[in-house]
Participant: 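Before I ask anything, here is the structure I am working with.
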Amino acid sequence: MRSLAAVLFAASAALAAAANDPRSQSQIPGRNVIPGAYIVELASTPGKRAIHDEFPGELDKRAAGRFVTRKKYKSVVFNGLAVELKAPEDVVDLASIPNVVSVRPVAIYPAANIDTGVDYTHPSLGGGFGPGFKVAGGYDLVGDAYIPGLVDPVPDDDPMDQCQGHGTHVAGIVGAAPGNEMNITGVAPDAALYAYRVIGCVGGVGEDVLIDALLRAHADGMDVITMSIGGASAWPDDPVSVVASRVAEQGTVVTMSGGNDGDYGPFFFGAPANGKDVIAVASVNNLARMYQTMTTNVEHAPIPYKISDPLEDLDGWPVDVPETPFPVYALTADPMYNATACEPLGDDVPDLTGYAVVFRSAHWPEVLTPDMCEVEIQIRNIAKKGAEFFIIYDPEWEPYVGNIPNKEVLLRNIDDGIWLVNQFNKGTNLTVTFKQHGSGVDVPNPNGGLTSLFSSFGPTQDLLFKPALGAPGSNITSTFIVKKGSWVVASGTSMATPYMAGSAALLLQAKGKGVSKNTRSIFQSTAVGLPESHEPKARPHTLAQQGAGLINVFNALNVKTEVSPAELLLNNTAHWKGVHRITIRNTGKYKQKYTLSHQPAGTAVSMPTTHGIALYPVPVIDAAVAVHFSKTEVTLAPGASTAVTVNISPPKNVDPKTLPLVSGWINVHGSFGDRVQVSYLGVAGSMYAAETISSKNQVSWYHYNLPAIVPGDIGEDSTPIRQIGARNYARGWDSLPSLVFLLAQNSRRVVIDLIDPATKVDATIPSVSRKRSPELPLEEAGGFFNDVPIKMRIYDLHDIMHISGGPLGPAYQIYLPPMVFGYKIFLRALRQFGDPALEKDYDIYISEQIGIVESL
Ligand SMILES: *[C@@H]1O[C@H](CO)[C@@H](O)[C@H](O)[C@H]1NC(C)=O
Ligand SMILES: *[C@@H]1O[C@H](CO)[C@@H](O)[C@H](O)[C@H]1NC(C)=O
Ligand SMILES: *[C@@H]1O[C@H](CO)[C@@H](O)[C@H](O)[C@H]1NC(C)=O
Ligand SMILES: *[C@@H]1O[C@H](CO)[C@@H](O)[C@H](O)[C@H]1NC(C)=O
Ligand SMILES: *[C@@H]1O[C@H](CO)[C@@H](O)[C@H](O)[C@H]1NC(C)=O
C-alpha cells in the first residue's frame with residue numbers, strides 16, 4: 001500500500017511538467033504541491049537510530065545526484081525526512097527503500113502561532129522578545145523571502161512579523177494585555193507566547209515547514225499549539241494532519257482553523273484541522289463590530305463608518321484625515337437618488353475643494369451591465385470639481401469602491417446618510433470631524449451569535465466529527481503590525497482558533513495540565529448549541545458546520561459533571577454505528593440526579609439532487625434520528641459514575657440517496673443545574689451507493705449533462721458542442737478535445753486512462769450514446785482494477801475534492817493528449833469507502849471514440 005500514493009503522484013507530476021503539452025492547461029485535479037518534493041515517514045525502531053542516516057545513503061545508491069534533503073524530522077511523534085527529487089520518476093525507488101512507511105507529496109498551504117510571526121514591539125504584546133516578555137520565545141523557520149517551491153527558507157532566531165500581520169492579530173486574540181485604546185483584552189492575557197514563523201512576506205507555506213514547526217513547538221514543551229493555516233482536504237491523513245494529531249495524542253492541546261469554505265457546503269473541511277485528535281475550530285459571528293465614528297456640528301449621535309479600502313488591512317481604522325471639521329456638500333435634493341454624478345457635473349455645481357461630498361452609491365448589484373454607472377464613476381465625476389473626500393451610503397448593500405486615489409468612507413447606517421443630505425439641503429452649514437483616537441464604537445451585528453456563513457462544513461469524508469466546536473471569529477478587533485496602524489478588524493476561522501487556544505490556556509491554568517488530553521471533550525460537552533437563525537422557532541443549526549456549539553469557558557470551568565465520550569460518530573448507513581455507551585460522572589460535592597434527553601439539529605440534505613454535494617445554502621429538513629436510552633434517569637453520589645447505553649437509528653422519512661446529514665445532542669441535566677452534552681453526527685444514507693462521478697449535472701454554458709468530450713477549438717462565447725459518435729480531431733494545440741466532468745463527492749482516487757475502443761468495460765455513468773448499465777449489480781461488475789487493459793494512463797490522482805475551483809467552477813477539465821491511435825477515455829473515480837484494487841468500487845465513464853489526425 002505504501003508505494004501506491006507515491007507512484008501515482010509521480011505519474012501526474014511527470015505529465016504536468018511537459019511544456020507545450022496541451023494538458024499543461026488542464027484543470028489538474030488535486031492540491032497545489034511543491035513539484036518533486038516528498039515527505040517520507042520512516043519506521044521508528046527503538047535502538048536503531050541509524051535508520052535515519054541510512055536512508056540518504058540508500059537513496060544515493062538509487063538516485064545519486066538527483067535529490068536534495070530538505071528537512072530531517074527526528075521526533076517520537078514523527079521520524080522521517082523531506083526530500084526533493086530532480087527526476088520525479090525516482091519516487092518509485094524512494095518508496096522501495098527499507099523502513100519507508102509512507103511517501104506523500106508536499107502540499108502548499110496558503111498564507112494564514114505557528115503563523116506569520118508576531119510584531120512583539122506592540123505595547124499590548126509586551127513590547128519586546130525573549131524571556132520575561134509576553135512573547136517569550138519562538139523561531140523564524142523561513143525568513144522574509146521564503147516562497148514555497150520557489151525561494152528556500154532562511155531560518156533565524158527572530159520571529160518578527162513586519163509584512164503580513166496575520167500572526168500579530170492572532171497573537172493578540174490569544175493574549176493581548178488589557179489597558180489599550182481599543183479596550184480589548186486577549187483571552188488569556190497571562191499566557192507566555194512562543195511565535196513560530198512559517199510564512200514569508202508573500203505566498204504560503206510548504207507542508208514540510210509546517211511539520212518542522214509543529215515538532216519544534218512540541219519539543220520546546222508548549223502546552224497549547226495553535227495554527228490558523230489550512231487548505232481544503234477531505235481525508236485526515238495528510239502528513240501535517242497526522243503529525244498534528246500525534247502531537248495532540250501526546251497531551252499537547254492542538255487547535256486549528258477549520259477553514260473558510262462554507263460556500264462549498266458539507267464535506268469541504270480543512271487540513272491540518274482534519275487531524276483526528278486536533279481541536280478543529282468553527283467561527284461564530286461576533287455580537288458586534290467596531291466601527292469608527294465621525295461627529296457633526298449639529299446635534300446628532302456619532303455616525304459610524306468604515307474606511308473603504310480593498311486592502312482589508314485598513315479595516316477598522318479611522319480615516320487618515322486632519323482632525324479639523326470638513327464642510328459637507330450634497331449634490332441632490334433626494335437622498336435616495338441613486339444616480340448622483342453618473343454624468344459629468346454641470347457649471348451649477350461650485351468648486352468642491354476641501355468639502356466632504358455625501359451621496360448614495362449608484363452600483364446596483366443585480367443589474368451589472370458594462371455601461372452601468374458605478375460608484376467609481378460617481379467619484380471620478382465629483383473629483384473633477386476638486387473634491388477629494390467622499391461619504392458614501394447605500395440601503396441595499398455595502399458599496400465596493402475600487403482602489404482609487406481618494407479618501408472614501410462608508411456609512412454603517414443609511415439613515416445617517418439621509419440625515420446628512422437633508423441637513424445640507426436645509427441650508428445648515430454642516431461640518432463633520434474625524435477624530436483619530438478613541439472614536440471606535442461597537443455596532444451590534446444582527447447575525448451575532450450565529451455560525452459564520454464562511455465557516456467550513458465537515459465532516460471529513462470518512463465521517464470524523466469536524467469541526468469540534470466554535471468560537472467568535474468574525475469582526476474581531478485585535479493587534480496588528482505597529483507600523484501599519486497597530487489594530488485591525490478581521491474575520492475568519494483564523495480568528496476563532498486563537499480564541500480556542502486562549503480558552504485552553506485558561507482551562508489548563510485552572511485545572512492543571514492533567515486535563516490536556518480531555519480539553520476537546522470538556523469544551524464540547526459544555527458548549528452551547530446555536531440555532532440556524534434568530535427567528536423565534538429556528539431549528540438548532542447542523543453540527544456539520546457548528547460542531548458541538550459555541551465554546552463556554554465558564555461552563556467548562558464550573559460544571560460538576562463529566563460525560564464521555566463527547567462525540568458519537570454514527571458513520572453512514574453502510575457502516576451504521578448506533579449503539580454507544582455514555583459514561584456520566586458526578587465530580588461535585590453533592591448527590592445529583594441526572595436526566596437524559598435528545599435534542600436533534602436540522603438535518604442537512606448533503607446531496608439534494610442526488611447528483612452532487614449541496615453548495616451554500618445547504619437545504620435543511622426536520623428529520624431526526626430515533627434515540628433509545630437504557631435509562632433516562634440516573635442518580636450519582638459525589639465521585640460516582642455510571643454508564644448509559646444509547647441506541648440511535650437513522651430517520652425513516654428521508655431519501656437515503658440525498659445523504660442526509662443527521663446531527664444533534666444527547667443532553668444530560670443535573671439536579672443542581674449542570675448541563676452537559678454529547679454531540680452526534682452521521683449520514684442517513686450510503687455514500688458508497690451515491691454517485692461519485694456526477695451523471696446529471698451541467699455547468700455554466702454547457703447545456704448538457706457531464707461528463708462530456710468537448711472540442712478544443714471553440715470561442716469563449718459559443719456553446720461548445722459535445723462530441724456525439726466517433727470523431728477525429730486535428731493535432732493542433734488549440735483543436736484538441738478535453739474531457740469535462742464533475743465529481744458528485746470527493747474521491748480517494750481518480751484515474752483517467754486511454755483504452756482501445758474495442759475494449760469491453762461496463763460503465764456506471766452514462767455517456768451520450770450509452771446508457772448506464774443499471775441491470776448490472778455493482779457487486780458483480782468487473783474484477784480487479786488492473787484487469788482492464790489500457791493503452792496509456794493520463795492521470796492517477798489521490799484525494800480529489802468535489803470542487804475544482806478552476807475556470808469552470810466545480811467542474812474539472814482535462815485536455816487530451818495528441819495520440820494518433822484511436823482511443824476512448826476511461827474515467828474512474830473510487831467510490832466512498834471503496835477498495836482501490838477493485839474495479840467494482842469505482843464509478844466509471846467511457847467516452848465516445850476519439851482519433852487525432854495530422855490534419856483534417
Ligand atoms: C471597556 O470595556 C468595558 C467592558 O466591556 C466597559 O465596561 C468599559 O466601559 C469600556 N471602556 C471604554 C473606555 O470604552
Ligand atoms: C437605481 O435604482 C433602480 C431600482 O430602484 C435601478 O433600476 C437603477 O438601475 C438604479 N440606478 C443606478 C444608476 O444604480
Ligand atoms: C453659513 O456660512 C455662510 C458663509 O460662511 C454664511 O454666510 C451663512 O450665514 C452661514 N449660515 C448659517 C445658517 O450659519
Ligand atoms: C461584521 O459586523 C457587521 C455589523 O455589525 C455585519 O453587518 C457584518 O456582516 C459582520 N461581518 C461578518 C463577516 O460577520
Ligand atoms: C466509517 O466506516 C468506514 C468503513 O468501515 C471506516 O473506514 C471509517 O473510518 C468509519 N468512520 C469513522 C469516523 O469511524
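Read the numbers this way: they start at 1 and go in the same order the structure lists the ligands and their atoms. Along the sequence shown, the residues carry numbers beginning at 1. All heavy atoms count here, side chains included; hydrogens, waters and symmetry mates do not.
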Participant: Within a distance under 4.0 Å of any heavy atom of Arg412, pick out the atoms of ligand 4 and give their elements.
Facilitator: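 The list of qualifying atoms is 4 (C), 7 (O).
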Participant: More than 12 non-hydrogen atoms from neighbouring residues, nucleotides or ligands closer than 6.0 Å to OH on Tyr264, yes or no?
Facilitator: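 Not buried by this count: 12 neighbours or fewer within 6.0 Å.
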Participant: Between Phe833 and His575, does the ring centre distance come in under 6.0 Å?
Facilitator: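 Yes, the ring of Phe833 comes within the 6.0 Å limit of the ring of His575, centre to centre.
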Participant: Which atoms of ligand 4 sit under 4.0 Å from any heavy atom of Pro444?
Facilitator: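 Once the distances to Pro444 are compared, the set is 5 (O).
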Participant: Which atoms of ligand 4 sit under 4.0 Å from any heavy atom of Val443?
Facilitator: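 Answer, ordered by atom number: 5 (O).
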Participant: Please identify which atoms of ligand 4 are closer than 4.0 Å to at least one heavy atom of Asn285.
Facilitator: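 In order of numbering, the contacting atoms are 14 (O).
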Participant: Which atoms of ligand 5 are found less than 4.0 Å from any heavy atom of Leu569?
Facilitator: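 Result: 13 (C).
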Participant: If we only count heavy atoms from C-beta on, is the Leu569 to Leu463 side-chain gap below 4.5 Å?
Facilitator: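 No, side chains not in contact.
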Participant: Which of the atoms of ligand 5 are close to Asn571, meaning less than 4.0 Å from one of its heavy atoms?
Facilitator: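 Going through ligand 5 atom by atom, the ones under 4.0 Å from Asn571 are 1 (C), 2 (O), 3 (C), 8 (C), 10 (C), 11 (N), 12 (C), 14 (O).
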Participant: Which residue and non-hydrogen atom of the protein lie closest to atom 9 (O) of ligand 5, and at what distance in Å?
Facilitator: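 Scanning the protein heavy atoms, the shortest distance from atom 9 (O) of ligand 5 goes to Asp462 O, 4.3 Å.
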Participant: Which protein non-hydrogen atom lies closest to atom 5 (O) of ligand 5, naming both residue and atom, and how far is it?
Facilitator: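 Among all protein heavy atoms, the one nearest atom 5 (O) of ligand 5 is His575 CD2, 3.6 Å.
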Participant: State, yes or no, whether a side-chain contact exists between Leu464 and Pro459 at a heavy-atom distance under 4.5 Å.
Facilitator: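 When only atoms from C-beta onward are counted, Pro459 and Leu464 do not touch, as no gap falls below 4.5 Å.
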Participant: Specify the protein heavy atom at minimum distance from atom 7 (O) of ligand 5: its residue, its atom name, and the distance to 0.1 Å.
Facilitator: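 For this ligand atom, the closest protein heavy atom is Phe833 CD2, 4.0 Å.
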Participant: So which protein heavy atom does atom 11 (N) of ligand 4 come closest to, and at what separation?
Facilitator: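 The protein heavy atom lying closest is Asn475 ND2, 3.1 Å.
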Participant: Please find the pair of heavy atoms, one from Ala501 and one from Thr226, that lie closest to each other, and give the distance.
Facilitator: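 Shortest heavy-atom separation between Ala501 and Thr226 comes out as CB-CB, 3.5 Å.
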Participant: Please report whether ligand 4 has a polar contact with Ser474, defined as an N or O pair separated by less than 3.5 Å (distance criterion only).
Facilitator: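 Yes, since at least one N or O of Ser474 sits under 3.5 Å from an N or O of ligand 4.
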Participant: Just checking Phe269 against Phe457, ring centres under 6.0 Å apart?
Facilitator: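 No, the ring centres sit 6.0 Å or more apart.
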Participant: In terms of ring plane angle, is the pair Tyr680 and His598 parallel, tilted or perpendicular, where the classes change at 30° and 60°?
Facilitator: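 Tyr680 vs His598 ring planes: tilted.
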Participant: Which of these passes side chain to side chain contact (heavy atoms under 4.5 Å, CB included) with Tyr305: Leu410, Ile391, Asp416, Val319?
Facilitator: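 Going through the options one by one, the only one that passes is Val319.
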Participant: Could you check whether Arg831 makes a cation-pi contact with Tyr842, meaning its NZ or CZ is under 6.0 Å from the centre of the six-membered ring and within 45° of the ring axis?
Facilitator: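 Output no; distance or angle outside limits.
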Participant: Give the atoms of ligand 4, by number and element, whose distance to some non-hydrogen atom of Ser491 is under 4.0 Å.
Facilitator: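 Once the distances to Ser491 are compared, the set is 13 (C).
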Participant: Which atoms of ligand 5 sit under 4.0 Å from any heavy atom of Leu463?
Facilitator: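 Heavy-atom distances to Leu463 below 4.0 Å select 13 (C).
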